[in-house]
There are 2 protein chains.
Amino acid sequence: MADQALSPTADLDRTLAALADPTRRQIVHLLATGPRSAGALGQEFTLSAPAISRHLKVLRQIGLVSAVTDTQDNRVRVYQLQPQPLTELAQWLEQLQGEWQEQLQAFAEHVEAVSGARAQ
Amino acid sequence: MADQALSPTADLDRTLAALADPTRRQIVHLLATGPRSAGALGQEFTLSAPAISRHLKVLRQIGLVSAVTDTQDNRVRVYQLQPQPLTELAQWLEQLQGEWQEQLQAFAEHVEAVSGARAQ
DNA sequence: TTAATAATTAACTATATTGTTAATTAAATA
DNA sequence: TATTTAATTAACAATATAGTTAATTATTAA
């Protein structure tokens with residue numbers, strides 16, 4: 001019974017779910033080019049401000065963005081991308097591809113063994 | 001207005017949403033070690049057979065698994081992992097990290113320019 | 001041919017997500 | 001001080017997701 005593991009997977013659950021939303025991925029792309037305020041981000045979309053705000057909250061909760069109050073205007077919150085969740089996702093992908101490779105390797109060796117046996 | 005793009009992103013939406021479920025990710029890990037029947041996969045979980053069946057359907061719909069009828073027993077469907085959606089995900093991650101790197105590069109150059117100017 | 005098995009689909013419930021508008025909080029400006 | 005402005009939270013509606021048990025389909029085995 002594998003079921004849900006002990007739960008280092010829970011982070012991945014939330015990171016993947018967060019990134020599954022196209023608006024949030026677009027926000028991430030925008031922030032990849034540099035920090036922006038919530039308002040400036042909102043201007044790039046036809047969504048209401050609360051909608052953007054809640055998308056940003058989701059991204060904050062998984063640690064993919066951080067927010068700091070602007071030093072010039074304390075009403076403004078400036079958002080910035082944080083790499084860690086993306087790193088974890090990349091590592092998971094690499095791990096999975098490693099598992100997959102082992103299987104292909106084993107399969108190749110199996111074929112080799114069979115054709116080798118036949119060749120005798 | 002960025003909004004949802006033309007929609008090569010729709011594939012990513014569905015791939016990420018599919019992988020956000022821990023049961024489905026576990027299924028993917030199991031299949032990374034080799035093909036298995038729906039029943040054999042189900043034995044690894046404490047979920048009902050219909051639940052597993054629908055998880056497999058989701059994975060089939062995004063092209064992450066394919067199913068073939070067993071040649072020995074036509075009642076059995078054997079599932080196998082397909083790499084393409086994972087490749088697309090990896091490529092998106094790389095693209096994003098590229099965008100991110102440009103920003104860091106630009107920032108580093110900015111710092112260089114400023115400290116260079118100050119050094120004069 | 002009847003019963004058992006593998007898998008899926010149907011019907012339903014519970015919960016989560018995403019959007020909206022309205023209200024709230026806090027800071028800047030007239 | 002009164003009014004904007006930036007952002008968030010509250011309250012609600014619509015839709016999607018994931019689980020269950022029951023029913024269905026197709027194949028194998030008794």
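Letters A, B, ... mirror the listed sequences (proteins, then strands); counts begin at 1.
- When each of B/Leu81, B/Leu41, B/Val78, B/Ile27 is tested with B/Arg36 by the rule side chain to side chain contact (heavy atoms under 4.5 Å, CB included), just one qualifies, namely B/Leu41.
- Between B/Leu59 atom CG and D/dA18 atom C1' the separation is 14 Å, expressed in whole Å.
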In B/S/- notation (B base, S sugar-phosphate only, - none; protein heavy atoms under 4.0 Å), nucleotides 20-30 of chain C written 5' to 3' is BBB----BS--

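- Two residues, A/Ser37 and B/Ala17, neighbour DNA chain D, and the one matched to the more 5' nucleotide by heavy-atom proximity is A/Ser37.
- Note: CZ (A/Arg77) to C1' (D/dT5) measures 16 Å, nearest angstrom.
- A/Thr87 places a side-chain N or O within donor-acceptor distance of the main-chain N or O of A/Pro83, the cut-off being under 3.5 Å.
- Atom CD1 in A/Ile52 sits about 20 Å away from atom P in D/dT5, given to the nearest Å.
- Distance OH (A/Tyr79) to P (D/dA6): 15 Å, rounded to an integer number of Å.
- For A/Lys57 and C/dG19, the NZ to C1' distance is 16 Å, given to the nearest whole Å.
- Take B/Asp73 and apply the side-chain hydrogen bond (donor to acceptor under 3.5 Å, both in side chains) test, not counting sequence neighbours, and it matches B/Arg75.
- Atom CG in A/Leu16 sits roughly 14 Å away from atom P in C/dT17 (whole-Å rounding).
- Considering every non-hydrogen atom in both A/Leu19 and B/Leu16, the closest pair reads O-CD1, 3.2 Å.
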Let me have the donor-acceptor pairs involving side chains of residues 54-63 of chain B, under 3.5 Å, with sequence neighbours excluded, atom names and distances please.
unit_1  : atom_1 : unit_2  : atom_2 : d
B/His55 : ND1    : B/Arg24 : NH1    : 3.2
B/Arg60 : NE     : B/Tyr79 : OH     : 3.4
B/Arg60 : NH2    : B/Tyr79 : OH     : 3.3

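- Whole-Å rounding puts the A/Leu56 CG to C/dT18 P distance at 13 Å.
- Atom CD of B/Gln61 is separated from atom C1' of D/dA18 by 14 Å (rounded to the nearest Å).
- Side-chain N/O atoms of A/His55 include one lying less than 4.0 angstrom from OP1 or OP2 on C/dG19.
- Under the 3.5 Å distance criterion, with hydrogens and angles disregarded, a donor-acceptor pair is assigned to the side chains of B/Gln82 and B/Ser66.
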